[in-house]
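Contents: one structure, followed by commentary.
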Amino acid sequence: MAVALSACGNSGGAGAGNNAAGSGSPAGSSNAGGAGGDQKPVELRMMWWGDQKRADLTNKAIELFEQKNPGITITGEFGPSDGYFDKLNTQLASGTAPDIFFLGGNVVDYANKGVLLDLGPYKDKELNLSDMDTTMVEYGTIGGKLVHISAGANARGIVINKTMFEKAGVEVPQDGWNWDDFARISKEISDKLGKGYYGTYNFTTDSLDIYLKQNGKQLYDMANNKLGFEEADLLPWFQYWDKASKAGGVVTPDLQVSSPPTDASKSLVITGKVAMTLLPSNMLASFQSTTKDELTMVQVPRGPKGTGVVFESSQGLSGYGKTEHPAEVAKFMNFWINDPEAAKILGNNRGVPVTAASREALKADADAADKIVYDYTSRVSEANKKEPFAISYNPPGNAEFIKLSDNTVQKIGFGKESVEKAVAEFYSGTVKIFNSNSNS
């Protein structure tokens with residue numbers, strides 16, 4: 001999910017954030033509004049999703065902010081991603097939403113509802129974006145208003161199990177390879193390691209936008225509020241994966257379901273049974289921590305117009321349009337992305353930091369897996385300067401779209417329908433989903 005602030009997570013259960021916000025007691029001079037002089041203490045609420053580890057890191061960052069801004073206290077709420085948006089939507093509907101909350105790739109939906117704080121008036125004042133990646137600033141600017149501050153960035157790429165490649169005697173691919181190379185290598189890995197070993201997972205769905213961008217199209221044309229492709233643009237991609245699967249280089253459909261590629265506890269990349277898959281860069285470290293096999297990351301195979309990969313906001317911070325303390329909200333967001341001490345606390349739990357200074361602050365103490373991520377994302381950043389691509393936003397009805405696409409891949413994989421028929425049904429279904437969820 002693409003959100004706009006890596007460290008802006010609030011304080012959840014026990015932690016500095018709750019203590020600070022709950023007391024509401026520290027009287028003192030608040031620097032928040034930039035007005036100077038004595039001000040009443042300001043209390044903010046913040047909400048994010050994630051596990052206890054993320055909450056602990058977030059609480060530490062909040063505590064640091066409160067130490068540096070004695071007139072502001074922050075209380076936080078967190079929980080798993082399941083149910084998070086239901087809770088947020090309920091609070092927005094009742095006018096009780098937190099001052100700051102995390103959003104993902106669905107930020108457009110909330111911007112369209114008009115419930116987000118316009119941060120424009122605070123830019124270059126409480127909020128300094130001069131060191132932030134320009135694509136991340138663009139990502140948070142919707143309908144001409146700055147409504148989202150990216151907390152972390154990801155770049156999708158191919159995670160490689162180097163240990164499997166070495167066992168197979170196959171050379172590890174390098175940036176610049178193409179899809180013919182990918183299919184050939186996938187089959188070679190499977191053939192050399194034998195039954196039960198596969199070159200790659202099937203990531204037809206997850207890479208669809210990348211493939212379309214490589215060919216001059218895109219999944220969702222947000223500027224014109226329409227799908228950015230036609231049925232004919234889809235067929236070659238589904239045919240490619242069908243051919244690669246029949247050649248034996250791709251995980252079987254049943255294994256794809258029972259051992260999903262993005263679940264670090266179940267992925268066959270971890271157990272040394274699958275050599276490659278597509279992953280967001282911030283997942284590499286968690287994968288590496290669960291296996292003794294050596295992992296690395298290379299750029300996605302190239303298409304006619306390049307890799308099609310852009311920096312994506314992993315998640316980020318937005319302010320509530322009805323907050324009583326907009327300047328303080330902006331000041332906290334500034335702290336989140338620009339404070340080097342905060343960067344060291346937050347690490348890359350929500351993705352690579354969105355400012356160069358914060359990335360540099362983390363590199364010095366990075367472990368081997370994190371260094372791979374920093375190196376990889378730097379290569380993507382450089383490639384984007386030479387071959388820029390449109391920013392990726394989820395299309396309206398994205399969850400339904402993903403389910404439909406995955407079901408289409410399964411139909412083809414299990415031989416229930418021809419590629420041509422399945423793709424025709426997939427396209428017509430996608431149009432229906434888009435039209436029923438779009439504001440147009």
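Hydrogens, waters and symmetry mates are skipped; everything else that's a heavy atom, side chains included, is used.
Looking at every heavy atom in both residues, A390 comes nearest to V310 through O-CG1, 3.7 Å. For the residue pair V172 and Q174, the shortest heavy atom distance occurs at O-NE2, 3.2 Å. In plain terms, the two heavy atoms of P173 and W177 that are nearest each other are CB-CE3, 3.5 Å. Nearest approach of P396 to F434, heavy atoms of both residues: CD-CE1, 3.5 Å. When all heavy atoms are compared, the tightest approach of T277 to P261 is OG1-CB, 3.7 Å. Across A369 and A285, no two heavy atoms sit closer than the pair CB-CA, 4.1 Å.
Looking at S381, its side chain never comes within 3.5 Å of a backbone N or O of S378 through a donor-acceptor pair. No donor-acceptor pair closer than 3.5 Å links the side chain of E294 to the backbone N or O of K162. With hydrogens and angles disregarded, no donor-acceptor distance shorter than 3.5 Å links the side chain of S405 to the backbone of T205. At least one donor-acceptor pair closer than 3.5 Å links the side chain of T291 to the backbone N or O of I270. When atom types are taken as modelled, the side chain of N178 and the backbone of R302 share no donor-acceptor pair closer than 3.5 angstrom. No donor-acceptor pair under 3.5 Å is formed between the side chain of N202 and the backbone N or O of V409. The backbone N or O of F389 lies less than 3.5 Å from no partner atom in the side chain of Q218, so there is not a single donor-acceptor pair. Looking only at distances, no side-chain donor or acceptor of T307 sits under 3.5 Å from a matching main-chain atom of V300. With S186 contributing its side chain and V250 its backbone, the two residues share no donor-acceptor pair below 3.5 Å. In this structure a side-chain-to-backbone donor-acceptor pair under 3.5 Å is missing from Y201 to V269.
Between W179 and Q214 there is a side-chain heavy-atom pair separated by less than 4.5 Å. Side-chain contact between L116 and K145 is absent, with no heavy atoms from C-beta onward closer than 4.5 Å. In this structure the side chain of T430 reaches within 4.5 angstrom of the side chain of L227, judged on heavy atoms. The side-chain heavy atoms of E63 and N59, taken from C-beta on, include no pair separated by under 4.5 Å. Taking the side chain as every heavy atom from C-beta outward, S207 and W237 approach each other to under 4.5 Å. Using a 4.5 Å heavy-atom cutoff, the side chains of R45 and Q91 are in contact. In this structure, the side chains of K331 and Y122 stay at 4.5 Å or more apart for every pair of heavy atoms. Looking only at side-chain heavy atoms (C-beta outward), L219 and P395 come within less than 4.5 Å of each other.
The environment of NZ in K113 is crowded: more than 12 heavy-atom neighbours from other residues, nucleotides or ligands sit within 6.0 Å. Applying the 6.0 Å contact sphere to CD of Q239 captures more than 12 heavy atoms from other residues, nucleotides or ligands.
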task = Could you walk me through whether L44 and I100 pass side chain to side chain contact (heavy atoms under 4.5 Å, CB included), step by step?
result = CA-CA 8 Å; L44 301 177; I100 305 167; 4.2 Å; yes
query = Please walk me through it: do E66 and I74 pass side chain to side chain contact (heavy atoms under 4.5 Å, CB included)?
reply = CA-CA 8 Å; E66 291 172 335; I74 298 177; 4.0 Å; yes
ask   = Stepwise, does the side chain to side chain contact (heavy atoms under 4.5 Å, CB included) test hold for I337 with L129?
value = CA-CA 9 Å; I337 61 172; L129 304 182; 3.8 Å; yes
inquiry  = Please evaluate residues L64 and D339 with respect to the criterion side chain to side chain contact (heavy atoms under 4.5 Å, CB included), reporting the C-alpha separation (whole Å), side-chain torsions for both, the decisive distance (0.1 Å), and the verdict.
reply    = CA-CA 10 Å; L64 177 65; D339 190 290; 4.1 Å; yes
ask   = Passes side-chain hydrogen bond (donor to acceptor under 3.5 Å, both in side chains), E312 versus Y139? Steps please.
value = CA-CA 8 Å; E312 300 173 34; Y139 180 88; over 6 Å; no
message = What verdict does the side-chain hydrogen bond (donor to acceptor under 3.5 Å, both in side chains) test give for D109 and N106, after you've listed the backbone C-alpha separation in whole Å, the side-chain angles of each residue and the deciding distance to 0.1 Å?
response = CA-CA 5 Å; D109 296 336; N106 54 358; 5.5 Å; no
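Checked for salt-bridge contact, E382 and K385 meet the test: a charged N lies under 4.0 Å from a carboxylate O. Between K363 and E360, at least one side-chain nitrogen of the basic residue sits less than 4.0 Å from a carboxylate oxygen of the acidic one, meeting the salt-bridge criterion. Checked for salt-bridge contact, D375 and R379 meet the test: a charged N lies under 4.0 Å from a carboxylate O. At a threshold of 4.0 Å, the pair R156-D206 does not count as salt-bridged, since none of the basic side-chain nitrogens sits closer than that to a carboxylate oxygen.
Separation of the Y211 and Y240 ring centroids does not fall under the 6.0 Å cut-off. Taking the centre of each ring, F401 and F426 come in below the 6.0 Å mark. Two rings, from Y84 and F78, have their centers 6.0 Å or more apart.
Under the 30°/60° scheme for interplanar angles, the aromatic rings of F203 and W241 are found to stand perpendicular. Ring geometry for W49 versus F85: interplanar angle of 30 to 60°, hence tilted.
Remark: E138 CD to T134 OG1 distance equals 5.5 Å, nearest 0.5 Å. Residue D209 holds its CG atom at 9.5 Å from CZ of F229, rounded to the nearest 0.5 Å. In this structure, Q299 CD and D175 CG are separated by 4.0 Å, a value rounded to the nearest 0.5 Å. Taken from CG in L278 to OG1 in T262, the straight-line distance is 10.5 Å, to the nearest 0.5 Å. To the nearest 0.5 Å, the span separating CD1 on I433 from CD on E400 amounts to 5.0 Å. F238 CZ to T408 OG1: the interatomic distance, rounded to the nearest 0.5 Å, is 5.5 Å.
For I372, the side-chain contact (heavy atoms from CB on, under 4.5 Å) partners at least two apart in sequence or on another chain are L284, T296, M297. Legend: residues meeting ring-ring contact (aromatic ring centres under 6.0 Å, His included) with F65, ordered by chain and number and at least two apart, are F332, F335.
When N225, L212, N398 are each tested for a side chain to side chain contact (heavy atoms under 4.5 Å, CB included) with Y220, only one passes: N225. Applying side chain to side chain donor-acceptor pair (under 3.5 Å) to D56 and the options Q52, K60, K53 leaves one that passes, Q52. For the side chain to side chain donor-acceptor pair (under 3.5 Å) criterion with N348, the lone passing option out of N154, N282, T377, D370 is D370.
Judged by distance alone, the side chains of N128 and N338 never bring a donor and an acceptor atom under 3.5 Å apart.
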